[in-house]
Amino acid sequence: MTAEFLRSTLLDAAGFRHAFFTRRGGYSPAPLDSLDFSGSSTGADGLANLNAAARVLGIDAAHLYWVSQVHGREVVVVHGEENRGDVLARKADVVVASSAEVASGVKVADCVPLLVGDRASGVVAAIHSGWQGTARNVVAAAIAGLRQVSGHRGEWVAAIGPHIEVCCFEVGEDVAQQLAACAPERTTVQRSPGRRPHVDLRTIVRAQLVAAGVADDAIEDVKGCTKCDATRFFSYRRDGQRSGRLLAAIVARAPRIRREQTS
């Protein structure tokens, strides 16, 4: 069985193996059918899903890392030598991989998954940005962590994956105001008579990437609304506790060799 996934042309062009996996092409039974990465998929089914994702990414499954996400700003750096179980237990929302053939991943079911790579160093990050993480600007913490690991400003390329889009992300006025303040120069909240505000998380996290130093034309939108599309995506807003989790992951690569000019 082949895991289904979406890709970014910008990340592909920069040489980064990656995937925004859908819920299709896995081994978990209903209602988590079928490519589920939540804690509910354990045992043989969970291992089969992990191996299916690793095959798509072209790496050893032991080198595909994610963490216990808590809607914060903590960054975990992995090199491929860590015990995978220990990393999975870490509380964080960003995974940075600094060694070639090591993958950073995050799990989502409406929250925003972002994948970022540095064209020069090959260092990558997977970022989990739910509305609370977005309000706390986890994106800025992730880019700062990437800079620290890479040792320079970076030549970033990024992709924003499927999540709950503005059509479905209805919130209270207090949350809408918090999120609007994250990107005051852009229109991020839609209001209309008789309904609660709807927030555009995609526009907000793009603005946060740009503010952190990623060029706007180096950011790609990989579209899809998790709540609208039950065929391809899990959604906590739609399914509650019956929802599985989607995986987004990116593989680090070797640094680009710079040719020194000689006179």
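Heavy-atom basis, side chains included; hydrogens, waters and symmetry copies ignored.
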Identify every side-chain donor-acceptor pair in residues 176-185 under 3.5 Å, counting partners at least two apart or on other chains, and give the distances.
residue, atom, partner, partner atom, Å
Gln177, NE2, Glu173, OE2, 3.3

Can you tell me which residue pairs pass the salt bridge (Lys or Arg N to Asp or Glu O under 4.0 Å) test with a partner in residues 193-214, sequence neighbours excluded?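 Checked against salt bridge (Lys or Arg N to Asp or Glu O under 4.0 Å) - neighbours excluded - the pairs reaching residues 193-214 are Glu165-Arg202, Glu170-Arg196, Arg202-Asp221, Arg206-Asp216, Arg206-Asp221.
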[X] with [Y], same ILVMFWY side-chain cluster at under 4.5 Å:
X	Y	answer
Val94	Leu88	no
Val251	Leu64	yes
Ile164	Val139	yes
Val56	Leu247	yes

For the student: nearest non-hydrogen atoms of [X] and [Y], plus distance:
X	Y	answer
Phe16	Asp118	CZ-O, 3.4 Å
Leu209	Ala158	CD1-CB, 4.1 Å
Val157	Ala14	CG1-CB, 3.9 Å
Cys225	Cys168	SG-SG, 3.8 Å
Ile143	Ala212	CG2-O, 3.6 Å
Leu246	Phe37	C-CD1, 4.4 Å

Donor-acceptor contact present, side-chain [X] to main-chain [Y], <3.5 Å:
X	Y	result
Ser34	Gly25	yes
His198	Val166	yes
Arg17	Leu57	yes
Glu82	Gly80	yes
Arg153	Arg147	no
Arg253	Ala100	no
Ser104	Ala125	no
Arg73	Arg136	yes

Trace of the side chain to side chain contact (heavy atoms under 4.5 Å, CB included) decision for Val108 with His128: CA-CA 7 Å; Val108 296; His128 166 252; 3.9 Å; yes
With rounding to the nearest 0.5 angstrom, report the [atom1] to [atom2] distance, [X] to [Y].
X	Y	atom1	atom2	answer
Leu201	Gln208	CG	CD	9.5 Å
Ser8	Glu220	OG	CD	3.5 Å
Arg245	Leu35	CZ	CG	14.0 Å
Ser243	Tyr236	OG	OH	8.5 Å
Phe21	Leu6	CZ	CG	10.0 Å
Cys167	Gln190	SG	CD	9.0 Å

Do [X] and [Y] have side-chain heavy atoms sitting under 4.5 Å apart?
X	Y	value
Val112	Ile160	yes
Arg23	Glu4	no
Val199	Ile204	yes
Val116	Leu146	yes
Phe20	Pro113	yes
Trp131	Val171	no
Arg84	Trp66	yes
Phe5	His18	no

State, without any angle test, whether [X] and [Y] hold a side-chain donor-acceptor pair at a distance under 3.5 Å.
X	Y	value
Thr226	His163	no
Asp33	Ser28	no
Asp93	Ser129	no

Could you identify which residues cluster with Val87, counting Ile, Leu, Val, Met, Phe, Trp and Tyr as linked when any side-chain heavy atoms lie under 4.5 Å apart, either directly or through a chain of such contacts?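 Cluster partners of Val87: Tyr65, Val67, Val76, Val78, Val95, Val102.
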Under a 4.0 Å N-O cut-off, is there an ion pair linking [X] with [Y]?
X	Y	answer
Arg119	Glu155	no
Arg7	Asp12	yes
Arg232	Asp229	yes

Decide yes or no on side chain to side chain contact (heavy atoms under 4.5 Å, CB included) for Val149 and His79, but give the supporting numbers first. CA-CA 11 Å; Val149 172; His79 306 281; 5.8 Å; no
Which of these passes side chain to side chain contact (heavy atoms under 4.5 Å, CB included) with Val205: Ile127, Val210, Ile219, Thr134?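 It is Thr134; the other options fail the test.
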Pair Lys227, Phe233 - check side chain to side chain contact (heavy atoms under 4.5 Å, CB included), show working. CA-CA 7 Å; Lys227 187 172 185 291; Phe233 304 119; over 6 Å; no
The test is side chain to side chain contact (heavy atoms under 4.5 Å, CB included); show your working for Trp156 and Ser150 and say whether it passes. CA-CA 11 Å; Trp156 314 116; Ser150 67; 4.2 Å; yes
How about CZ on Arg242, more than 12 heavy atoms from neighbouring residues, nucleotides or ligands closer than 6.0 Å, or not?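 No, CZ of Arg242 has 12 or fewer neighbouring heavy atoms, counting only those of other groups under 6.0 Å.
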